[in-house]
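Notes to accompany the following structure.
Naming: A, B, ... by sequence-line order, numbering from 1 per chain.
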Amino acid sequence: MAKANYQKPKGTADLFGQDVLAWQRIEQQARLIFSRYGYGEIRTPMFEAFELFSRSAGDTSDVVTKEMYDFFDKGDRHMALRPEGTAGVVRAFVENKLFGPEHEKPYKTFYMGPMFRYERPQAGRFRQFHQIGVEAFGSTEPSLDAEVITMVVKFLSSLGLKDLKVALNTLGDQESRANYRQALIDFLKPHEAELSKDSQVRLEKNPLRVLDSKDKNDQAIVADAPKIFDYLSEESKEHFAAVKSYLDDLGIQYEVDQTMVRGLDYYNNTIFEVMTTDPNLKGAATIAGGGRYSGLVEEFGGPETPGIGFGLGVERLISLLEAQNQLNLEDAGLDFYLAHIGDASRAKTLELATNLRDLGFKADLDFAGRSMKAQFKAANRRKARFVITIGDNEVETGQVKVKDMITGHQADMDMNKVGEQIEKVIAELVAEEAE
RNA sequence: GCGGUAGUGGUGAAGUGGUUAACACACUGGUUUGUGGAUCCAGCAUGCGAGGGUUCGAUCCCCUUCUACCGCCCCA
């Protein structure tokens, strides 16, 4: 009988060691920056009713039709692992009546966690991936759009990211968008035969997508296509102009990209993406994307409430930071490594380590019964600042040796009075370094 | 869903249809009966992703499968 050989599911990752440090850094920074902007964290379930996602993302979107991790639970309910964060947050917003008068408007919230999409793993793309996202409900003010975009930019640059580009576009309101869509179809239909296979399909399913086709020939055709800007209502035009003006005032760089389209159906008016101009990360160039939406809250049974938000891909962010060498994270070394020899010393060593830990120090010891030399090597590997040696003599007298690993000097300490003596011993040893 | 490349010890990586699968790093022990980052010595893959097949014989040839990576679709 061969032993079972398990592997992690396709498109997933185990994170540990150095990698986790990067994740912690990013999550911590997100919490810090977002809270400055008045956003509070929300945690919603990782799975929801299938319909929640199919209704919000659009029945024809790829995310719904072929990428959803859905299943029927034991109660025969059709469930799905969340492919994105917004739907769950909107559901929670409605279900918990966060639109109520006791809550500040706009209601600003952020989330972070795993998302799931059944697709072929690739550069910057996984089946379980992680997003950090925000949503703000209850205001149509263009200044809020500008604030949200500003917040992403500030967050990313606070991590040391460079070569960022904010692409900005507007889809107009529902009516503008519908008019434009029709105009686009009217324009493209005569060219249908010339379009790439993919774009022919797009023309049927989601004509706006033809705009950002990668096919050169498509791009040439699309160059003469009608522009969304010509179909915007006065209100949408003003909104977009205001957003740009606020961003200008704040000194946030952006580029208007009339061909940018977002994948999920619920967006209108302002949409944006943050991408890297780093040519090495073409496949995963977009690290954050979002925009305004309306209708979602009503769709889920709440009052008419506008929203705006974005989602940011943590894996992509990390690979970008790595490429730019911004992840020089070192885990802090130990304060003390306790090297002990002989069976008699084990209990005392464990006790001393525990005492040091209670005093707030990082301390560890050998559990493998290794030689003194091996334990000193271990201490180096662990970047221990001091090594305390304990053998039979020390157990007998109670006096242990504290060695400064930088200078090599040693001092004695009464292991039964660590609380009183440790600071003084450290101070003495450190003072010697200064000389 | 479609197309391409790859898969050898903890890591990086050589290699060949045929007795013991290089080398380096790391690790463990010793040289120093209890003190570190150096030197030297020794140990460390019953195994070459998994399962079949061809063959007297396969890590090396063939098929299937899994996984990773790259491109398309789509997206974070």
field: Side-chain-base donor-acceptor pair under 3.5 Å for A:E394 and B:rG34
entry: yes
field: Rounded interatomic separation in angstrom, taking CZ from A:F116 and C1' from B:rA76
entry: 14 Å
message: In whole Å, I'd like the distance from the CD1 atom of A:I287 to the P atom of B:rC75.
response: 18 Å
- request: If B:rC72 has a Watson-Crick or G-U wobble mate with both distances under 3.5 Å, name it; if not, just say none.
  value: B:rG1
message: Between P on B:rA68 and CZ on A:F126, what's the gap in Å once rounded to a whole number?
response: 10 Å
field: Audit row: A:F187, A:H191, ring-ring contact (aromatic ring centres under 6.0 Å, His included) steps and yes/no
entry: CA-CA 8 Å; A:F187 171 83; A:H191 298 282; 5.2 Å; yes
query: Is there a Watson-Crick or G-U wobble partner for B:rU32 with both distances under 3.5 Å, and which nucleotide is it?
result: none
message: Looking at B:rA76 and A:F129: do their rings stack (centroid distance under 5.5 Å, interplanar angle under 30°)?
response: yes
- prompt: Which pair of non-hydrogen atoms, one from A:D218 and one from A:S213, has the smallest distance, and what is that distance?
  reply: OD2-OG, 2.9 Å
field: Short side-chain N/O contact from A:R127 to OP1 or OP2 of B:rU67, under 4.0 Å
entry: no
task: For the pair A:F72 and A:H78, name the ring-plane relationship: parallel under 30°, tilted 30 to 60°, perpendicular over 60°.
output: parallel
Separation of B:rC2 P from A:R125 CZ (nearest whole Å): 15 Å
- prompt: Does any nucleotide pair with B:rC61 by Watson-Crick or G-U wobble geometry, both distances under 3.5 Å, and what is it?
  reply: B:rG53
query: If you look at every strand shown and take non-hydrogen atoms under 4.0 Å, does A:A374 touch a base, only sugar-phosphate, or nothing?
result: sugar-phosphate
query: Touch check for A:K8, heavy atoms < 4.0 angstrom, all strands: base, sugar-phosphate only, or nothing?
result: nothing
N or O in side chain of A:R120 less than 4.0 angstrom from B:rA68 OP1/OP2: no
message: Using a distance-only criterion (donor-acceptor N/O pair, under 3.5 Å, no hydrogens), is the base of B:rC75 paired with the side chain of A:R316?
response: yes
- request: Report the residue (A:K373 or A:M405) whose heavy-atom-nearest nucleotide on RNA chain B is the more 5′ of the two.
  value: A:K373
query: A:R202 near the nucleic acid: base, sugar-phosphate alone, or nothing, with a heavy-atom cut-off under 4.0 Å?
result: sugar-phosphate
field: Proximity to the side chain of A:T286 - top-ranked nucleotide from B:rA76, B:rA68, B:rG34
entry: B:rA76
field: Of A:E273 and A:P121, the one whose closest RNA chain B nucleotide lies more 5'
entry: A:P121
query: Partner of B:rG7 by Watson-Crick or G-U wobble geometry, both contacts under 3.5 Å, or none?
result: B:rC66
- request: Look at A:K377 and B:rG36 and indicate whether a side-chain polar atom (N or O) is within less than 4.0 Å of OP1 or OP2.
  value: no
query: Under the 3.5 Å rule, do the base of B:rG34 and the side chain of A:N393 count as making a donor-acceptor pair?
result: yes
task: Give one of base, sugar-phosphate or nothing for A:G85, where a contact means two heavy atoms less than 4.0 Å apart.
output: nothing
message: Can you see if the side chain of A:R370 gets near the phosphate of B:rG29 - specifically, an N or O under 4.0 Å from OP1 or OP2?
response: no
field: Donor-acceptor contact below 3.5 Å, side chain A:T109 vs main chain A:G40
entry: yes
query: If you check the A:I341 side chain, which of B:rG34, B:rU35, B:rU67 turns out closest?
result: B:rG34
- request: For the pair A:R127 and A:E67, find out whether any cationic side-chain nitrogen is under 4.0 Å from an anionic carboxylate oxygen.
  value: no
field: Base B:rU35 paired with A:Q410 side chain (donor-acceptor, <3.5 Å)
entry: yes
task: Rounded to the nearest angstrom, tell me the gap between atom CD in A:Q375 and atom P in B:rG36.
output: 12 Å
message: Say we look at B:rA13 and B:rA6: how far apart would their P atoms be, to the nearest angstrom?
response: 15 Å
message: What I want to find out is whether A:E41 reaches A:R43 closely enough, with some N-O distance under 4.0 Å, to be called a salt bridge.
response: yes
- prompt: Looking across every strand, which nucleic acid part, if any, lies under 4.0 Å from A:G408 by heavy atom: base, sugar-phosphate, or nothing?
  reply: base
task: Can you figure out which of B:rC66, B:rC73, B:rG36 approaches the side chain of A:D198 most closely?
output: B:rC73
message: For A:R209, is there an ion pair with A:D212 - N to carboxylate O distance below 4.0 angstrom?
response: yes
query: Does the distance from a Lys or Arg side-chain N to an Asp or Glu carboxylate O, for A:D412 and A:K401, drop under 4.0 Å?
result: no
query: Roughly, in whole Å, what's the span from CZ in A:R117 to C1' in B:rC73?
result: 14 Å
- prompt: Roughly how far apart, to the nearest Å, are B:rU5 and B:rG9 at atom C1'?
  reply: 24 Å
task: Give one of base, sugar-phosphate or nothing for A:N380, where a contact means two heavy atoms less than 4.0 Å apart.
output: base
task: For B:rC60 versus B:rG53, give the span between their C1' atoms, rounded off to a whole number of Å.
output: 15 Å
message: Would you say A:S371 places a side-chain N or O within less than 4.0 Å of OP1 or OP2 belonging to B:rG30?
response: yes
message: Say we look at B:rA21 and B:rG43: how far apart would their P atoms be, to the nearest angstrom?
response: 14 Å
query: Could you walk me through whether A:R385 and A:D404 pass the salt bridge (Lys or Arg N to Asp or Glu O under 4.0 Å) check?
result: CA-CA 6 Å; A:R385 187 55 225 281; A:D404 184 328; 3.2 Å; yes
message: If you compare every side-chain N and O of A:K197 against the phosphate oxygens of B:rC73 (OP1, OP2), does one of them come in below 4.0 Å?
response: no
message: Nearest whole Å is fine: how far is B:rC70 P from A:E119 CD?
response: 13 Å
message: Applying the Watson-Crick and G-U wobble criteria at under 3.5 Å, what pairs with B:rA26? Answer none if nothing qualifies.
response: none
message: Suppose you measure atom C1' in B:rU32 against the same atom in B:rU39; what distance do you get, rounded to whole Å?
response: 13 Å
query: Expressed in whole Å, how much space separates the C1' atoms belonging to B:rG36 and B:rG47?
result: 36 Å
- request: Please state the P separation for the pair B:rU59 and B:rC48 - nearest whole angstrom.
  value: 6 Å
- line: Atom CD of A:Q128 and atom C1' of B:rA76 are separated, to the nearest Å, by 14 Å
- prompt: Taking the same atom, P, in B:rA38 and in B:rG7, what whole-Å distance lies between them?
  reply: 34 Å
Glycosidic class, syn or anti, of B:rG47 using a 90° window around 0: syn
